[in-house]
Structures are given as C-alpha cells and as structure tokens.
Amino acid sequence: MSTNEKVGHTEEAPVKESSIENKVAGDAPALDDAPEKKKREYKEMEHETHGDLHAKVDMNTIQFTATDLYDKDKVDIEHVVMEEVFQLLQCDEGGLTEAEATDRIGIFGPNKLEEKKENVFLQFLSFMWNPLSWVMEGAAIVAIALSNGEGEPPDWQDFVGIVLLLLINSTIGFVEERNAGNAVKALMDSLAPKAKVKRDGKWRDIESSELVPGDVIAFKHGDVCPADCRLTEAIDVSMDQAALTGESLPVSKKLGDECFSGSTCKQGEVEAVVISTGPNTFFGRAATLVGQDNDQVGHLQMVLARIGSFCLVSIGIFVVLEIVILYPRFHYTYRRGLNSILVLLIGGIPIAMPTVLSVTLAVGAQQLAKHKAIVTRITAIEELAGVTILCSDKTGTLTTNKLTIDKENVKCYSQWDVEGVCLLAAYASRTENQDAIDGCVVGTLPDPKQAREGIDLLDFKPFNPVDKRTEITYRDNRDGGKLKRATKGMTGIIIELCSRNKTSELEDQLEADVEEFARRGLRALAVAYEDVVGDAADGQGTGFELAGLLSIFDPPRSDTKQTIDDAMALGVKVKMVTGDQLAIAKETGRRLGLGDHMYPAKVLKDGPEAGGKHANLDEMIMDADGFAGVFPEHKFEIVKRIQALGHLCAMTGDGANDAPALSRANVGIAVEGATDAARGAADIVLTEPGLSTIVHAIYGSRVIFQRMRNYAIYACAVTIRIVVCFAIMSFIWQFDFPSFMVLIIAVLNDGTIMTLSLDRVLPSTTPDSWDLAEVFAYGIGYGLYLSASTIALYATMHSTTFFEDKFGVNAIKETNDPQGHMVIYLQVAIISQALIFVTRSHGPSWTERPSVALMLAFCLAQLISSIIAAFGDWGFTQVHSISGGWIGIVWVWNIVWYFPLDAVKFFMKKTIIAALQRRKARKAAVATVDENGERLQRTASRHESLYSNRTSFLSRAANRLRGGAKISMSQNELQRFSSIQAQQSGAALTRAHSRPAAA
C-alpha cells in the first residue's frame with residue numbers, strides 16, 4: 001500500500017472541494033438551496049511532476065548506444081512518453097529474444113558494477129614508497145653495498161636490522177589496508193541477484209547481471225528492482241527508495257513512472273521495461289562515485305610524508321657537511337666516512353614511526369570498539385580528531401526512519417480529544433498486514449490491542465488509490481452496542497465526505513492547519529466518524545463529522561539532539577544533507593536545534609541568488625545548516641567543496657545513496673542498520689542505534705591524536721639530537737660512533753614509545769590539526785638541548801679530569817675509545833627516552849602522571865641499556881663495558897640535564913610557538929577574507945597530496961601490468977550523470993515544492 005497515496009501528499013494534485021450539493025456518505029440528503037461556497041485547496045505537501053516529455057532532437061538521429069540513449073541533451077529516457085521509450089529501445093511489451101539480449105550485452109555491458117582489482121604485490125611495495133622508507137632503504141644500501149671495501153666485510157648487522165624493521169612496517173600497513181572493506185563490492189552485492197524476465201515470449205528467471213535495456217521484467221511485493229525501468233503495468237504499486245534517495249516514505253508508482261535498481265517493492269505488482277543497467281543506473285552512478293579521485297593520499301600519510309621530508313632535509317644537510325668536511329679536512333678513508341654517514345642515516349630517521357603510529361591507532365580502534373564503533377580504516381581515527389564539520393544524512397541517521405504520529409500537533413475539531421482522535425484513527429487501521437501509515441497510527445496507542453478492544457468489527461474497507469481513505473464499521477460495545485463508522489485518509493477527500501457540523505469556520509481552520517503542517521514538513525491525515533442508523537453494517541449513516549487532523553513525521557532518535565549538542569561543544573559543526581523534502585528537513589532541524597537555514601539542492605547548480613548575502617557557493621555551503629532534496633552526486637560535491645576550503649569533513653549515513661559521500665569524506669561513518677553499500681564505503685561502522693557513539697569516537701580520537709602528536713615531537717627531536725650531536729662531535733673530535741649502537745638505541749626507544757598507545761593524555765576541546773611548524777620547532781629546540789647535553793658530557797670526559805677527580809673512575813681520553821663509545825651510548829639512550837615525559841605533558845612533566853605501561857616500559861628499557869653498558873663487550877661494533885661508577889655518572893648527568901627541559905618547553909611556548917600561532921592566525925584571516933573583507937577564498941585542501949606517495953608512480957606501474965585497462969567509467973559518462981543532470985532524474989524522485997517559511 002502506498003503511504004504517499006494514502007496520506008495524499010505526494011502524487012495527487014490539491015483536491016478542490018466539490019459543491020456541497022454532492023451526496024456523500026451513502027444516501028445523505030443534498031442541501032439544494034445552500035449557497036455556493038468558495039472552492040478550497042488543501043495545500044498539502046506535493047511532489048513535482050515533469051509531465052510527459054518528448055525527445056529534444058529527431059528520434060531518427062539517436063543511435064542505439066549508451067552514449068546517445070543516456071545523453072539528456074538529446075533525450076531524457078526517464079521522462080519521455082512510453083511510445084518513445086519503446087522506439088528508443090527498439091522493443092515492445094512482448095520483450096526481447098535471446099539473440100537480441102546477447103547482442104545488447106555487447107552494446108551496454110552486463111547489469112553489474114565492475115570491481116577494481118589491485119595487484120597485490122604492487123600494493124605491498126607501495127608501503128615502501130614514501131620518504132620515511134626511502135631513508136631506511138638508503139641506509140640499507142649504504143650498509144650492504146657502499147660499505148663493502150678496504151678489506152672489511154659489509155655491515156651485515158645494520159643491514160639485517162634495517163631490513164627487518166622496514167618489512168615489519170610494510171607488513172602492518174599492508175595487512176591493515178587489505179582488511180579494509182571494499183565499497184564497490186558491497187554496492188555490487190546489493191544488486192538483486194535474480195530477475196524475472198520475458199524472453200522469446202516466455203517468463204523465466206535469470207541472473208540480474210544478464211538484463212539489458214529493452215527487457216520486459218516483472219516483480220512484486222518484497223522483491224528488489226533489478227534495474228532502472230519504466231512501468232508498463234502497475235497495480236497499486238509502492239516502492240521503498242529510502243536507501244537510494246533518503247525519502248522517509250515509500251513512493252507510489254503509476255504507469256510510465258521509473259523504478260530504480262536496488263529499491264524494494266513494498267506493495268503491488270509490476271511489469272516494466274528496462275531502460276538502463278549496470279553503471280548507467282541511478283544505483284550504478286552512486287557506485288561510480290565511490291573511490292573516485294583515487295589519486296588522493298590520506299591525511300595521516302601526508303603528515304608522515306612531511307615529517308619524512310623534515311628528517312630528509314635534516315639528514316641531508318649534515319651528510320653533505322660531513323662529506324665536505326671529514327674527507328677533505330680530516331682525510332677520512334672511504335669506509336670510515338661512510339660509517340659516520342650511516343650513523344646519521346640510521347639514527348636520524350624515525351624508522352619505526354609508521355609502526356608506532358599503527359600500533360597507537362590499532363589500540364585506539366580497539367578502545368573505540370568498546371563503544372560499539374568498528375573502525376575499518378584505522379588512519380581515519382587520526383582524521384576524526386581534526387574533523388571540523390560533520391555532514392549527516394537525515395533519514396535513518398538523525399531520525400528513526402519510522403513514521404510516527406506527533407501527538408503534540410494533533411488538531412481536534414469536535415468533542416473528541418487527542419486520545420480519542422488517535423483511537424478513532426486506530427479503529428480505521430489494519431491490525432494485521434499493516435502498511436507504514438496503519439502501523440504508525442496503531443503505534444500511538446499504549447497497547448496495539450486497543451485498536452479492536454471493546455468493539456466488534458463488522459466491515460472494513462482498506463485503502464485504495466481511488467477513494468484514498470480507509471473505513472471501518474463497528475459495534476461499540478461500550479456504548480450500548482451502537483453501530484458506528486470511522487474513516488481516515490487524505491484531507492481533501494475526508495472533508496468533502498463530511499456533512500455534519502461542517503461550517504465555513506471549520507473549513508478555514510482545517511485549511512490553515514493543513515498548510516501549517518505542509519510548511520513544517522508534516523504529513524496530514526484527517527479523521528472523521530458517523531453513527532449508523534439501524535443494525536445493518538451497510539446501513540445509512542447520520543453523516544460524517546470531522547474529528548481531527550493527525551500529523552505524521554519521521555521523528556529524531558532519542559539521543560540525536562544531545563549528540564549534536566555534544567558535537568558542537570567539541571567544536572564540530574553539524575550540517576544535515578538529506579534526500580528528503582526541504583520542509584521536512586527544516587522541521588527536523590528545528591527539533592534538533594540544528595537550525596532551519598537550509599537550501600534545496602538546486603542551489604548547488606545555480607549558486608546563490610544575485611545580490612544575496614552570499615558572494616559564492618562556498619560561502620553559502622559554509623553558512624547553511626543543511627541541504628534537502630540532494631542526490632548522491634550532490635552529497636559528494638558538498639563534501640568535496642568543504643574539503644577544498646581546508647576543512648576535514650566527516651559524513652554519516654545509512655543508505656546506498658550515502659556511499660559516494662562516505663567514501664569521499666575524510667571520515668565516513670555508517671550508522672547502525674546501514675546497508676552493505678554504506679558500511680563498505682565507511683571508515684567507521686556503528687553497531688548500536690543512534691549517534692552518541694560518534695561523540696565517544698571524536699573524544700577517543702582526540703586522545704589518540706595527542707599521543708601521536710607527542711610522539712611526532714619526540715621523533716623530530718631525536719632526529720635533530722642524533723644528526724647535530726654526532727656531526728658536531730665528528731667535526732670537533734673526529735668521533736666515530738658505532739652505527740649498530742644507534743640501531744640499538746632506536747629499537748629500545750621505539751619499543752618504549754609504543755606504550756604511548758596506552759598513555760594518559762588530556763584531549764583537546766577543539767578540533768585537532770597537525771601544526772607541523774610547531775612540531776618541528778619543538779623538535780629542533782629539544783634536539784639542540786639534548787645535543788648540548790651529550791657534547792658537554794664528552795667534552796668534560798675527554799678534555800678534563802673532573803670525573804676522575806670527583807668520582808675516582810678510570811680515565812677515558814682516547815677519541816674513539818670503546819668505553820667512550822659506551823658512555824655516549826648510555827647517555828643518549830637514557831635522556832632520549834626521558835624526553836617523552838616532557839613532550840607528553842602540557843605543564844611540568846612531573847605533574848602529569850603517565851600510564852603504568854609507559855613507566856614500566858621506560859624502566860625496563862633503561863635497565864636493558866644499563867646492563868648493555870655494564871656487560872656489553874662487542875668487538876664488531878667497537879664498544880666495551882664500563883664500570884658502575886661511569887654508569888652512575890651518566891645517570892646523575894642525565895637527571896641534572898632533564899629538569900631544565902621543562903624550562904625549554906615553556907620558553908618556546910612564550911616565544912617561538914606564540915609567534916608561529918600569530919602567523920598562522922594572520923594567514924587564516926587572509927585565506928577567508930578578501931581585500932573588501934567580504935568574500936571567502938578557496939584554500940588548498942588538506943586532503944590533497946604533497947607527494948605522489950604510493951599513488952601516481954605505482955598506479956602507472958599497475959596499469960602497465962593490467963595492459964593499461966581502466967576499470968572505472970569514462971569521464972564522458974561521469975559528466976552525463978553529473979549533479980546538474982541528476983536533478984532531472986526520475987519522476988518518482990522529484991522533490992517537494994518548497995515554500996518559504998513565511999508563506
């Protein structure tokens with residue numbers, strides 16, 4: 001049963017009241033001498049109709065190809081009269097032959113979506129193609145190849161250690177990406193697997209992938225439409241398109257209307273001719289948008305690339321300095337110079353950064369899972385922390401996608417109160433095999449059994465498209481067994497039916513109430529009753545009297561308003577982006593506190609009005625509370641424009657129509673009960689109803705972001721302290737630190753730092769962003785300070801007798817004494833790890849307690865380092881154990897140098913960091929205001945890549961391996977289904993005519 005027909009808001013034109021002389025309610029007498037009354041229009045919510053169209057060009061010039069058939073500059077096959085449809089498709093209602101169908105498969109392709117296949121080996125190699133990996137690979141080459149000479153073997157120890165770390169990092173990334181959901185596959189699986197088709201004059205079941213344009217198909221209640229088609233026979237048909245278009249109500253269909261692939265038949269039986277298949281369908285166009293722009297690099301990958309660049313530049317500068325100083329000035333041999341360079345390469349790059357961040361994100365994903373949020377792309381956690389705008393679908397996401405009677409808005413026109421009107425409407429509803437309207441009406445009762453309690457059902461007339469109402473005749477056992485009738489249905493039909501106590505004032509009030517409902521996006525359902533004369537179920541009534549008017553709407557979820565308030569408190573702006581009608585979107589926005597500053601989808605094509613308050617479309621999008629009547633292309637475009645303005649954008653949704661935007665968004669969130677297509681395109685999938693989990697996810701992601709930021713600062717500081725410290729020591733003393741010991745330091749440091757994934761941190765109350773200038777500034781400041789601590793220790797040990805005189809330890813005076821190497825190793829290992837306690841805290845480091853895991857890992861690593869210093873006697877790496885006295889000296893030295901690190905942090909905050917923040921604020925002001933102080937200026941998207949990291953180079957290689965074949969649709973096809981043309985797609989998908997709120 002069509003709920004739209006039943007309520008009478010969508011398919012029918014406004015009903016004009018007939019003159020009162022017409023007989024209603026059986027044989028009720030006419031009032032012949034009553035004065036003629038004005039004709040009334042009950043302006044309920046309506047769907048626009050395009051009417052029957054014709055081809056825009058001579059039909060004989062249109063070729064039987066996908067290019068011509070779906071070129072709307074020539075013909076709109078979704079709306080032209082049926083005679084032209086059959087002419088264009090070169091078929092008739094008798095269907096095709098098998099031979100014709102086979103030929104058309106070659107022309108139009110199969111009715112399925114092609115899945116992009118990736119070369120697994122190249123996908124694995126792609127994780128070794130980024131700046132961090134380049135330095136690791138360069139160090140491995142130096143260790144195994146360039147270091148081979150002067151009678152010494154290659155540096156196998158360093159080579160094996162580097163390669164193992166590189167493989168571990170790549171494997172973690174590869175496994176994580178391979179486990180991610182494939183959105184196109186999920187969309188493909190959502191297509192109906194079987195179809196009933198007429199071939200060679202006989203009905204048969206075939207795979208839906210074998211359908212072609214021109215096939216005659218049939219489906220009925222409960223079936224999924226297998227392809228876009230036009231109806232040739234339709235018996236009381238209603239289609240559920242919520243997952244495709246976002247419309248909360250099923251849409252009634254009549255002869256000539258279009259049904260969309262993937263929509264579900266809720267009522268009736270259909271015969272139709274297929275007009276488009278596969279990627280040419282409405283569903284296929286949504287699938288095509290998923291994964292589009294695949295040359296993008298994820299936000300975290302971009303950050304890693306820039307940190308890698310920082311490390312590359314830092315290392316490169318000092319490698320060049322060592323080459324131009326050590327060889328000419330100090331006459332280093334080839335192998336000795338390379339060993340010094342290898343120290344910078346191994347120690348300068350945070351070789352385990354991808355691993356540490358992956359572990360941090362993976363642990364964060366497990367924590368989010370406790371809040372019923374499953375993360376399918378772990379790097380989305382980092383991006384969620386920086387999200388500034390959340391675009392949310394309405395139907396099924398902000399709302400329940402379950403129609404409800406709004407008791408607060410029930411209008412009563414007789415002696416019946418709100419409960420009485422609802423009870424009458426429930427009497428006039430089915431209690432079994434209910435449609436959406438009957439279900440929501442009966443659902444208003446405390447107990448559904450009350451719909452038949454205390455009455456005897458004598459006769460029931462179900463809804464039909466002609467009468468547009470339901471009617472019950474019943475015996476009221478609570479009123480002496482009297483016979484009564486109740487009816488509910490379309491407002492214009494019900495008021496025309498009424499003849500008792502109908503006054504001009506009543507009709508004026510009803511008309512005003514219906515218009516108010518329409519403006520607010522509420523569907524109106526009128527209720528009337530009469531007494532029956534006699535004891536026969538078909539007896540004449542005393543005349544119907546209007547009892548009341550019900551408002552039907554899709555209510556918000558119980559926790560949605562609080563969730564939106566919480567999101568806004570976290571600095572995240574929420575925008576509604578829905579396929580439903582503008583009036584409904586505004587009403588939902590008002591109820592949720594989002595605001596009703598919303599626009600129809602056509603503004604995305606036409607732009608803001610000339611002379612309006614918005615100078616351009618970008619400014620309008622940023623100012624809007626939401627958009628209504630949008631297609632998948634529109635949602636995709638909105639998200640893309642928001643990203644182009646420099647924002648990180650999250651998108652929530654539950655239907656296939658949301659999949660393209662979910663895929664494009666920095667963070668796509670599929671809510672509980674979402675379709676496979678939405679879950680496949682999303683980065684986070686919620687497993688419990690409502691959006692409250694999103695607030696937990698945002699909060700959790702900011703905790704994780706703080707952990708990653710703390711590590712990034714630490715990693716940059718360690719890079720600076722290694723390259724600056726050991727380069728200066730080489731220049732001053734020709735100090736040759738063993739490269740293998742740098743590798744040991746890196747392994748112990750990063751092993752400890754992995755426990756940051758469990759650290760206690762304070763999340764930000766505003767969206768986080770990677771201010772890398774700030775990260776690098778802190779890194780340089782800390783790195784130079786730590787370098788000074790090491791250089792000062794070596795100078796004191798090498799050039800004075802302070803330690804020997806004060807502590808009685810053995811003297812270490814030789815420049816490259818193995819014990820001197822061990823002393824420097826222990827000092828660098830201890831204070832480098834202690835730095836993390838400074839970077840993780842906002843105030844003094846001793847005032848913010850770290851996690852137990854981090855503290856235990858730090859203590860364990862220092863114990864191992866001290867044991868190595870006490871007992872390590874490895875000839876291959878030029879170190880020798882040192883006495884307990886020297887170990888104690890190093891510990892005391894590091895403690896003395898540790899406490900001023902907090903002073904360094906506070907000094908930098910007040911000077912350098914403050915200056916960087918002021919510069920950032922000035923740039924932000926310039927980026928958003930022109931010279932007149934009025935206009936937004938588009939800025940580069942954070943989502944765009946600074947590197948072709950893992951994409952362009954490997955995509956070209958992959959295309960060569962595939963023979964250059966491209967799986968995705970051509971650009972011409974994408975343009976044919978652009979957002980401009982999609983606005984005209986499908987008579988059944990037209991949106992409600994919107995009136996200003998003041999109308």
Side-chain angles (χ1 to χ4, degrees), residues 2 50 52-53 64 66 69-70 72 75-96 100-101 104-105 107-113 190-199 203-241 243-245 250-286 656 977 984-990:
S2 167
H50 292 284
D52 292 332
L53 304 177
F64 191 61
L69 285 181
Y70 307 124
K72 292 193 176 182
V75 60
D76 186 353
I77 197 171
E78 297 159 348
H79 298 119
V80 297
V81 295
M82 290 302 297
E83 291 80 4
E84 293 186 3
V85 171
F86 286 114
Q87 184 178 348
L88 288 168
L89 296 175
Q90 300 179 17
C91 64
D92 55 36
E93 295 187 10
L96 303 176
E100 290 173 329
R104 295 184 184 209
I105 284 285
I107 298 174
F108 299 99
N111 182 36
K112 63 181 181 180
L113 306 179
S190 296
L191 285 171
K194 293 286 185 180
K196 188 175 183 180
V197 64
K198 184 184 283 188
R199 294 270 178 90
W203 290 103
R204 50 181 295 198
D205 291 331
I206 64 170
E207 296 289 335
S208 64
S209 61
E210 298 175 14
L211 288 177
V212 293
D215 266 327
V216 173
I217 59 174
F219 53 89
K220 61 184 184 302
H221 173 74
D223 292 343
V224 177
C225 181
D228 285 4
C229 56
R230 296 282 296 274
L231 304 189
T232 57
E233 290 187 20
I235 304 174
D236 195 14
V237 178
S238 174
M239 301 295 294
D240 181 359
Q241 303 177 158
L244 290 170
T245 67
V251 179
S252 60
K253 300 290 184 178
K254 59 184 184 295
L255 291 180
D257 282 350
E258 182 180 14
C259 286
F260 292 91
S261 172
S263 60
T264 303
C265 182
K266 303 299 288 185
Q267 179 180 316
E269 297 182 2
V270 166
E271 286 190 19
V273 59
V274 174
I275 61 171
S276 58
T277 58
N280 296 319
T281 63
F282 182 94
F283 192 91
R285 298 197 295 274
F977 298 115
Q984 306 166 0
S985 171
L989 286 176
T990 53

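Numbering of residues begins at 1 and proceeds along the displayed sequence. As the structure is a prediction and not an experimental result, all values here were calculated from the model.
- In terms of heavy-atom proximity, Pro226 sits nearest to Ser208 at CB-CB, 4.2 Å.
- Shown here for Met82 and Gly256, the closest heavy-atom pair between the two residues is SD-CA, 3.9 Å.
- In this structure the side chain of Leu89 reaches within 4.5 angstrom of the side chain of Leu69, judged on heavy atoms.
- No side-chain heavy atom of Val274 sits less than 4.5 Å from a side-chain heavy atom of Val212.
- Contact of the Ser263 side chain with the Phe282 side chain is not registered, since no non-hydrogen atoms from C-beta on lie closer than 4.5 Å.
- With rounding to the nearest 0.5 Å, the separation of CG in Leu96 from CG in Asp215 is 4.5 Å.
- Distance CG/Asp257 to NE2/His79: 9.0 Å, rounded to 0.5 Å.
- Arg104 places a side-chain heavy atom less than 4.5 Å from the side chain of Gln90.
- Summarising the geometry of Leu211 relative to Ile105, their closest heavy-atom pair is O-CD1, 4.4 Å, with the distance given to 0.1 Å.
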(message) Apply side chain to side chain contact (heavy atoms under 4.5 Å, CB included) to residues Phe219 and Val237 and explain how you reach the verdict.
(response) CA-CA 10 Å; Phe219 53 89; Val237 178; 5.7 Å; no

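- With values rounded to the nearest 0.5 angstrom, Tyr70 atom OH is found 12.0 Å from Asp76 atom CG.
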(message) Assess the residue pair Arg230 and Ile77 against the criterion (side chain to side chain contact (heavy atoms under 4.5 Å, CB included)); give the C-alpha distance rounded to whole Å, side-chain angles, the decisive distance to 0.1 Å, and a yes or no.
(response) CA-CA 9 Å; Arg230 296 282 296 274; Ile77 197 171; 5.5 Å; no

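- Contact of the Val273 side chain with the Glu93 side chain is not registered, since no non-hydrogen atoms from C-beta on lie closer than 4.5 Å.
- The shortest distance between side-chain heavy atoms of Ile206 and Arg199 falls below 4.5 Å.
- Cys225 places none of its side-chain heavy atoms less than 4.5 Å from the side chain of Phe260.
- Side-chain contact between Glu271 and Leu231: absent, with no pair of heavy atoms (C-beta onward) separated by less than 4.5 Å.
- Atom CG of Asp228 is separated from atom OG1 of Thr277 by 9.0 Å, given to the nearest 0.5 angstrom.
- Every ring pair (Phe, Tyr, Trp, His ring centres under 6.0 Å) that Phe108 has, sequence neighbours left out, goes to Phe64.
- Summarising the geometry of Ala227 relative to Ser276, their closest heavy-atom pair is CB-O, 3.6 Å, with the distance given to 0.1 Å.
- Separating the NZ atom in Lys196 from the CZ atom in Arg204 is a distance of 13.0 Å, to the nearest 0.5 Å.
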(message) As a quick check of understanding, evaluate side chain to side chain contact (heavy atoms under 4.5 Å, CB included) for Glu210 and Asn111, giving each step before the final call.
(response) CA-CA 6 Å; Glu210 298 175 14; Asn111 182 36; over 6 Å; no

